[in-house]
Amino acid sequence: MDAEGLAAFGFELGVLKRVRRAGWWQAGVRDPESVAEHSLRAAHLAALLAAEEGAVPERAAYLALWHDTQETRTGDLPHTAAPYLAKPEPRAITADQTAGLPRAAAETVRAAVDEYETRESLEARCAKDADKLEMLFQALEYRATGVSTVDEWLASAQAGLFTGTARRVAEAALATSPLAWRSR
């Protein structure tokens, strides 16, 4: 039954609230944010970047919402695991995750993950930039709480940016305190 597949997938997506962003443990963060927390801010940022870049904000946000959902099956693998593990194929994981969904629901999720991974559309590039910017913001926030070993994350985030808007936002964030929003 279609409703049962949707319900089961809804419960699986709830795992993202409990999966922690594992790389931050290596930086000394005791209680890193969850994948769901990361994905929410990435979706917000994707919409904003898309609006500034002339792309479709809703589509960019939608792609960002689905970009890490595979981590319900794999967990969040830090980059230090890369030499020891083959990188999981997000499209294959998404196909397995959505196998029990009704056709339209499965197709929309699979298409979103494929578009994000291909990065051919401006919306996908905005969503990927949002993923990197979210990591940059998080690194700056952790540094503001005393975690001093975040330079690697900052450099990685900056190096992976596609759009001019994202590069300008990164520069502004690096020049600003994470608490600056309070004075606005």
Side-chain angles (χ1 to χ4, degrees), residues 8-46 49 60-100 106 109-120 124-163 166-167 170 173-174 178:
F9 193 47
F11 284 122
E12 180 172 347
L13 292 172
V15 171
L16 296 173
K17 296 191 304 183
R18 296 182 298 279
V19 173
R20 297 290 164 193
R21 303 264 295 164
W24 294 120
W25 281 316
Q26 295 172 349
V29 176
R30 289 168 102 19
D31 187 26
E33 84 278 11
S34 70
V35 172
E37 290 166 320
H38 160 74
S39 295
L40 178 63
R41 182 159 57 174
H44 289 140
L45 291 169
L49 293 174
Y62 190 72
L63 300 179
L65 276 175
W66 294 104
H67 86 281
D68 276 342
T69 54
Q70 305 79 22
E71 292 179 11
T72 63
R73 303 280 173 106
T74 64
D76 181 50
L77 300 171
H79 72 89
T80 54
Y84 310 104
L85 303 171
K87 182 181 183 324
E89 170 48 52
R91 292 173 192 92
I93 297 168
T94 299
D96 287 345
Q97 287 177 306
T98 59
V109 174
R110 290 173 186 170
V113 170
D114 183 59
E115 183 177 348
Y116 177 84
E117 293 298 326
T118 305
R119 302 222 217 311
E120 291 177 1
R125 289 189 296 275
C126 288
K128 182 60 178 178
D129 277 0
D131 177 42
K132 292 292 189 177
L133 279 177
E134 200 290 322
M135 181 174 65
L136 182 135
F137 288 161
Q138 192 63 67
L140 291 170
E141 291 165 352
Y142 286 145
R143 185 167 71 185
T145 65
V147 178
S148 62
T149 55
V150 298
D151 290 347
E152 178 181 347
W153 283 265
L154 296 173
S156 172
Q158 287 181 281
L161 297 174
F162 291 98
T163 64
R167 286 190 293 276
L174 288 162

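If you read the sequence from its start, that first residue is 1, and numbering goes on from there.
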_Sequence-distant partners of D76, salt bridge (Lys or Arg N to Asp or Glu O under 4.0 Å), two or more places apart_ = none
*First locate atom OG1 of T163, then atom NZ of K128, and finally report the distance between them rounded to the nearest 0.5 Å.*
13.0 Å
*Spatial distance of atom CG (L49) from atom CZ (F162) [nearest 0.5 Å]*: 12.5 Å
*Apply the test side-chain contact (heavy atoms from CB on, under 4.5 Å) to residues T72 and V19: give CA-CA distance (whole Å), side-chain angles for both, the deciding distance (0.1 Å), then the verdict.*
CA-CA 7 Å; T72 63; V19 173; 6.0 Å; no
*side chain to side chain contact (heavy atoms under 4.5 Å, CB included) against L161, all qualifying residues, sequence neighbours excluded*: D129, K132, L133, A166, R167, A170
*Enumerate the residue pairs fulfilling salt bridge (Lys or Arg N to Asp or Glu O under 4.0 Å) with a member in residues 78-88, sequence neighbours excluded, ordered by first and then second residue.*
none
_Please give me the minimum heavy-atom distance between A27 and T149, naming the atom from each residue._
O-OG1, 2.6 Å
*asked:* Would you compute the distance between atom CG of L136 and atom OG of S156 and round it to the nearest 0.5 angstrom?
replied: 10.0 Å
*Please name all residues satisfying salt bridge (Lys or Arg N to Asp or Glu O under 4.0 Å) with R119, sequence neighbours left out, ordered by chain then number.*
none
*When you check the side-chain N and O atoms of Q97 and E12, is any donor under 3.5 Å from an acceptor?*
yes
*Is the closest side-chain heavy-atom distance between P32 and W25 below 4.5 Å?*
yes
*So which heavy atom on A64 is nearest to which on A46, and how close?*
CB-CB, 3.9 Å
*Does any pair with a residue in residues 141-152 pass salt bridge (Lys or Arg N to Asp or Glu O under 4.0 Å), and if so which ones, sequence neighbours excluded?*
R41-E141, R143-D151
*Does H38 have any ring-ring contact (aromatic ring centres under 6.0 Å, His included) partners at least two apart in sequence or in another chain, and if so, which?*
H67
*Can you name the closest pair of heavy atoms from A144 and P178 and give their distance?*
CB-CG, 4.0 Å
*If you take all heavy atoms of T98 and A106, which pair is closest and at what distance?*
O-CB, 3.6 Å
_Just so I know, are the side chains of L77 and P88 near enough to count as touching, which here means a heavy-atom distance under 4.5 Å?_
yes
*With sequence neighbours excluded, tell me which residues meet salt bridge (Lys or Arg N to Asp or Glu O under 4.0 Å) with E117.*
none
*Where do R110 and D114 land on the side-chain contact (heavy atoms from CB on, under 4.5 Å) test, with the steps shown first?*
CA-CA 6 Å; R110 290 173 186 170; D114 183 59; over 6 Å; no
*What residues, two or more places apart in sequence or in another chain, satisfy side chain to side chain contact (heavy atoms under 4.5 Å, CB included) together with L13?*
F9, L16, W66, T69
_Residue list, ring-ring contact (aromatic ring centres under 6.0 Å, His included) with Y142, at least two apart or on another chain_ = W24
*Name all residues meeting the side chain to side chain contact (heavy atoms under 4.5 Å, CB included) criterion together with T80; count only those two or more places apart in sequence or in a different chain, and write none if there are none.*
Q26, P78
_Heavy-atom check, side chain of L174 versus side chain of Q158, under 4.5 Å_ = yes
*I would like to know whether T94 and R73 meet side chain to side chain donor-acceptor pair (under 3.5 Å); could you show each step before the answer?*
CA-CA 10 Å; T94 299; R73 303 280 173 106; over 6 Å; no
*Work out which heavy atom in W153 is nearest to a heavy atom in G23; give both atom names and the distance.*
CZ2-O, 3.1 Å
*Please check if the side chain of R91 supplies one atom and the backbone of V113 the other of a donor-acceptor pair under 3.5 Å.*
no
*Using salt bridge (Lys or Arg N to Asp or Glu O under 4.0 Å) as the criterion, list what pairs up with E71, not counting sequence neighbours.*
none
*Taking side chain to side chain contact (heavy atoms under 4.5 Å, CB included) as the test, write out the residues that go with S34, two or more places apart.*
R20, A36, E37
_Heavy-atom closest contact (A127 atom, L63 atom, distance)_ = CB-CB, 3.9 Å
